Amino acid sequence: MHQLKRELRKKISSLLSIPEEDVRFDYPPNLNLGDLSLLSAFIIGKREGKNLVELARDFASRLKSLPMVEEVRTAGPFINLRLNREEFFLRAYETREKTKVLPREGKNLIEHTNINPNKAAHVGHLRNAVLGDSFYRLLSVAGERVEVQNYIDDTGVQVADVVFGLLRMRNLPPEEWDRIEEKFDHYCWDLYVEVERRMEEAPSALEERRRILKALEEGKGEYAEAGRALSRKIASLHLQTMEKLGIEYDLLTWESHIIALGLWARTFELLKERGVIRKAETGPNAGCWVMDIEEGGEVREKVIVRSDGTATYVAKDIAYQMWKLGLQDRDFTYEIFKKYPSGRLLYTTVLEGGRRMDFGHARRVYNVIDSRQGYLQRIVKEAIRRLGYPEAAEGSVHLSYEMVALSRKSAEALGFQAQGEAVSISGRKGIGIKADDLIQAVEERALGEVESRHPELPREKKREIAGKIASAAIRYYMLKYTNNSVVLFDIEDALSFEGETGPYLQYSLVRMNSIKRKARERGIEFGPPRWRDNQDYWALVHRASRMDDVLDRARENTELSLLARYLFSLAQAFNVFYSKYPILNEEDPEERSLRFALMELVESKLKIGTYILGIEIPERM
RNA sequence: GCGCCUGUGGCUCAGUUGGAUAGAGCGUCGGCCUCCGGAGCCGAAGGUCGGGGGUUCAAAUCCCCCCAGGCGCUCCA
């Protein structure tokens with residue numbers, strides 16, 4: 001449909017002598033009215049103060065010999081096009097494996113996950129990683145060049161806190177960490193909470209933390225060693241967690257390397273030279289380098305460099321953003337960090353040795369960060385603009401989404417106190433659900449279902465299937481909400497496999513596989529499909545053909561929920577079709593072949609779509 | 001105080017950028033296997049789209065004013 005719309009837009013534009021952007025389409029509420037409606041009479045009539053109905057009639061009378069269009073009818077100001085169903089179906093069927101979304105020029109860089117390497121990942125982090133990963137998959141499917149980075153803040157306070165906890169509270173140097181029985185990042189989760197309490201009570205601890213922080217930035221001594229070991233160990237565990245959901249990366253960038261490479265120092269010079277920042281002489285920010293930000297009609301100072309000369313988080317992010325956009329003259333060197341079973345290589349920046357590679361230098365940079373960072377992201381973008389790179393700044397996109405909070409029921413079930421209907425996740429207070437725990441809980445539930453349906457399967461097979469179901473359930477759950485919606489995480493909903501869920505999509509495809517398997521077993525052959533007019537068939541073809549539109553809009557709006565919901569509606573449409581029209585048991589071979597082809601058409605769309613959502617399809621479930 | 005976001009059946013959410021009869025899932029109630037997998041399908045009940053004004057052929061959607069909630073606005077990251 002996407003491609004057809006492009007063809008129609010051109011043709012209609014010239015037939016009616018109107019600009020292409022005024023050729024807008026919509027879908028009629030039901031297919032009896034038509035298959036596609038043209039809204040140009042609304043747009044132009046309104047602008048030129050003409051009678052909409054008459055204009056529509058006039059337009060309709062001039063629409064002759066449009067490709068694939070069989071009939072043009074008006075319904076008031078609507079101009080409804082009826083397509084040649086046979087022709088349309090055959091083309092859709094033949095090209096079903098292809099996506100017709102046009103790739104954009106230039107390289108994309110997606111940065112996501114970015115979890116502080118000091119404790120276990122929680123459900124909030126999953127939303128980030130799943131969004132980022134699915135957006136990566138979407139762009140790849142569209143044929144674009146994409147690079148995925150995971151930025152690791154190994155010099156922040158959070159790391160200093162846990163270093164303090166391990167070394168000073170638990171007396172555990174790095175070589176002892178492997179002896180801890182609990183999964184290390186889970187152990188640190190609890191320790192971090194303890195450290196936070198200690199910091200509130202003991203001023204001496206705060207002082208020690210300051211020393212640790214300084215050591216982390218300088219990169220030398222016992223503390224720095226411990227910090228490096230901690231960051232690396234926990235980052236590796238996060239990678240494992242994400243791998244369970246099929247999430248992979250191309251590059252790890254470490255904040256300490258950004259500083260060591262001098263990216264910040266260079267950026268600092270530029271910011272001063274080009275007058276983006278100035279030194280505040282008086283006021284509360286005296287001694288700081290600040291940037292003037294206008295907001296709500298008044299100008300306020302945003303501190304970029306503290307009075308002690310250290311860089312704030314925004315400062316470092318400006319330097320890093322510039323590197324991502326190819327605006328830095330220095331570059332990292334790289335080594336392989338790990339090889340995924342898929343064969344994909346994960347690289348890491350390194351300080352010594354390593355080789356030069358072509359990371360960064362992106363046309364578009366997508367920063368997947370929750371909406372609370374909106375203000376800082378704007379400042380970073382503004383700084384780059386003021387440095388004299390307005391076009392590059394435009395390429396920097398904040399892929400913003402709302403946070404995940406625990407529903408009151410779920411929070412109380414976990415023993416947390418609830419004030420209102422939602423409870424915010426807090427690493428500091430230890431309030432949250434660990435990603436690993438969630439995955440495990442969903443896997444167990446899935447395993448129970450598989451056990452009851454396929455007791456004959458070997459144990460390993462069952463586990464593998466349960467893993468795929470769990471991953472699908474979690475990913476779909478994280479993707480079905482719009483970015484602007486707070487996910488009120490409810491454990492019962494997350495554990496559900498019925499209705500609008502990932503497993504529902506899997507189940508639909510598994511059924512199709514099963515039908516194809518049975519067809520082979522029974523030796524049923526299918527000839528090339530011949531179209532027969534049928535409302536239900538056409539509705540299915542029509543819906544399946546809207547996939548490319550959805551992909552296009554999902555990319556344009558960085559909104560994966562559009563795809564998630566569309567796929568559900570498509571799977572649902574198939575299930576209705578399936579219950580109404582037997583395929584293998586149909587006697588008439590021509591009818592049977594057509595139904596089978598309809599299934600294949602839907603299947604190919606669902607396969608592409610579920611791949612983007614990161615949902616794997618087991619053979620059975 | 002300023003800025004951003006949100007308010008839609010009992011609950012959780014969509015709503016194609018102002019279009020045709022406001023849709024799903026969960027929950028509730030009632031149905032459906034002699035047949036390709038029941039993680040499915042069919043049906044029913046349930047809506048003053050937070051409230052009030054306005055803009056126009058047309059408003060859940062745009063503008064204004066209220067009400068309620070979330071987040072941000074630190075020399076934290």
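Proteins get letters first, then strands, A, B, ... in listed order; numbering begins at 1 in each. This one's a predicted model, so the numbers in the text were calculated from it and none came from an experiment. Side-chain atoms are counted along with the backbone in the values below, which use heavy atoms only and exclude waters and symmetry mates.
For the pair A:E600 and A:K516, the salt-bridge criterion is not met [side-chain N within less than 4.0 Å of a carboxylate O]. A salt bridge links A:D161 with A:R209: the closest approach of a Lys/Arg side-chain nitrogen to an acidic carboxylate oxygen falls below 4.0 angstrom. Under the 4.0 Å criterion applied to side-chain N and carboxylate O atoms, A:K461 and A:E619 are assigned as salt-bridge partners. Under 4.0 Å is where a charged nitrogen must lie from a carboxylate oxygen, and between A:R278 and A:E301 at least one such pair does. Note on A:E20 versus A:R9: no salt bridge recorded, every NZ/NE/NH1/NH2 to OD/OE distance being 4.0 Å or above. The pair A:R211-A:E208 counts as a salt bridge, with a side-chain nitrogen and a carboxylate oxygen less than 4.0 angstrom apart.
Residue contacts shown for A:R445 are absent, as no nucleic acid heavy atom lies under 4.0 Å away. Among the protein residues, A:N80 comes within range of the nucleic acid bases, having at least one heavy atom under 4.0 Å from a base atom. Heavy atoms of A:H454 sit under 4.0 angstrom from at least one base atom. Across all strands shown, A:R620 has heavy atoms under 4.0 Å from base atoms, whether or not it also approaches the sugar-phosphate. Using a 4.0 Å heavy-atom cutoff across all strands shown, A:V290 reaches no nucleic acid atom at all. At a threshold of 4.0 angstrom between heavy atoms, the contacts of A:Y481 are confined to the sugar-phosphate backbone, with no base atom among them. Residue A:Q158 is in sugar-phosphate contact alone, with no base atom involved, counting any heavy-atom pair closer than 4.0 Å across all strands shown. Using a 4.0 Å heavy-atom criterion, one finds that A:I469 contacts the bases of the nucleic acid, with or without backbone contacts as well. Base contact: A:K46 has a heavy atom under 4.0 Å from a base atom.
Note: A:H125 NE2 to A:H112 NE2 = 13.5 Å, rounded to the nearest 0.5 Å.
Using atom C1' as the reference point in both B:G10 and B:U56, the two lie 37 Å apart (nearest Å). Of the P atoms belonging to B:G37 and B:G19, the separation is 43 Å, rounded to the nearest Å. For the C1' atoms, the distance linking B:U8 with B:G50 amounts to 10 Å, nearest Å. Nucleotides B:G15 and B:U6 have their C1' atoms positioned 15 Å apart, rounded to a whole Å. Going from the P atom of B:U74 to that of B:C57 covers 47 Å, rounded to whole Å. Between the P atoms of B:G3 and B:U12, the separation comes to 29 Å (whole Å). B:C76 sits 43 Å from B:G9 when the P atoms are compared, rounded to a whole Å. With C1' as the reference atom, B:G40 and B:A59 are 38 Å apart, rounded to whole Å.
Contact annotation: A:R453 side-chain N/O to B:A39 OP1/OP2 distance is under 4.0 Å. Contact annotation: A:N484 reaches the phosphate of B:U6 (side-chain N/O to OP1 or OP2, under 4.0 Å). Using a 4.0 Å cut-off, no side-chain N or O of A:Y27 falls inside it from OP1 or OP2 of B:G15. Note on A:R511: a side-chain N or O is less than 4.0 Å away from OP1 or OP2 of B:G38. Phosphate contact (OP1/OP2 of B:U12, side-chain N/O of A:K480, threshold under 4.0 Å): absent. Between A:Y578 and B:G38, a side-chain N or O to OP1/OP2 separation shorter than 4.0 Å is present. Between A:S485 and B:A14 there is a side-chain N or O to OP1 or OP2 distance below 4.0 Å.
Pairing of B:G72, defined by two Watson-Crick or G-U wobble distances under 3.5 Å, is identified with B:C2. Pairing of B:C57, defined by two Watson-Crick or G-U wobble distances under 3.5 Å, is identified with B:G19. For B:G7, the paired base is B:C67 (Watson-Crick or G-U wobble, both distances below 3.5 Å). Look at B:A44: its Watson-Crick or wobble partner, with both distances under 3.5 angstrom, is B:U28.
Following rounding to the nearest Å, A:R592 (CZ) and B:C35 (P) show an atom-to-atom distance of 19 Å. Here B:U16 presents its P atom at 20 Å from CG of A:L570, a figure rounded to the nearest Å. For the pair A:K409 NZ and B:U12 C1', the interatomic distance rounds to 10 Å; values are reported in whole Å. In this structure, CD of A:Q572 is placed 9 Å from C1' of B:G25, rounded to the nearest angstrom. The CG atom of A:L509 sits 15 Å away from the P atom of B:G37 (whole-angstrom rounding). When the C1' atom of B:C76 is taken as reference, atom CG of A:D153 falls 11 Å away, rounded to whole Å.
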Candidate pair A:L263 and A:K316, rule side chain to side chain contact (heavy atoms under 4.5 Å, CB included), full reasoning
CA-CA 8 Å; A:L263 289 184; A:K316 290 178 233 176; over 6 Å; no
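In this structure, of B:A20, B:A39, B:U16, it is B:A20 that holds the atom nearest to the side chain of A:F78. With distances taken from any side-chain atom of A:E500 to the nucleotides B:G25, B:C42, B:A20, the minimum falls on B:G25. Side-chain atoms of A:I583 lie closest to B:C36 of the nucleotides B:C36, B:A58, B:G25. Nearest nucleotide to the A:T482 side chain, out of B:C57, B:C76, B:A14: B:A14. The side chain of A:Y504 has B:C41 as its nearest neighbour among B:U16, B:A20, B:C41.
Remark: ring of A:Y507 not stacked against base of B:G37; the cut-offs of centroid gap under 5.5 Å and plane tilt under 30° are not jointly satisfied.
Counting only N and O atoms by type, the side chains of A:S485 and A:T482 include no donor and acceptor under 3.5 Å apart. For the residue pair A:R543/A:Y566, the side-chain donor-acceptor check at 3.5 Å is not satisfied. Between the side chains of A:T253 and A:Y320, a donor-acceptor pair is found at a separation under 3.5 Å.
Not a single donor-acceptor pair, N or O on each side, falls under 3.5 Å between the base of B:A39 and the side chain of A:N575. No donor-acceptor contact under 3.5 Å links the side chain of A:S561 to the base of B:A14. Between the side chain of A:N557 and the base of B:U17, a donor-acceptor pair under 3.5 Å is found.
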Distances under 3.5 Å between protein N/O atoms and the N/O atoms of nucleotides 69-75 of chain B, please, pair by pair.
from	atom 1	to	atom 2	distance (Å)
B:C73	O2'	A:R300	NH2	2.6
B:C75	O3'	A:R306	NE	3.2
B:C75	O2	A:S307	N	3.2
B:C75	O2	A:S307	OG	3.2
B:C75	N3	A:S307	OG	2.7
B:C75	N4	A:P284	O	3.4
B:C75	N4	A:A286	O	3.2

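Between A:A446 and A:L584, the residue whose closest nucleotide on RNA chain B is further toward the 5' end is A:L584. The residue among A:V487 and A:E498 whose nearest nucleotide of RNA chain B lies closer to the 5′ end is A:V487.
Of the possible polar contacts, one joining the A:R592 side chain to the A:E586 backbone as a donor-acceptor pair under 3.5 Å is found.
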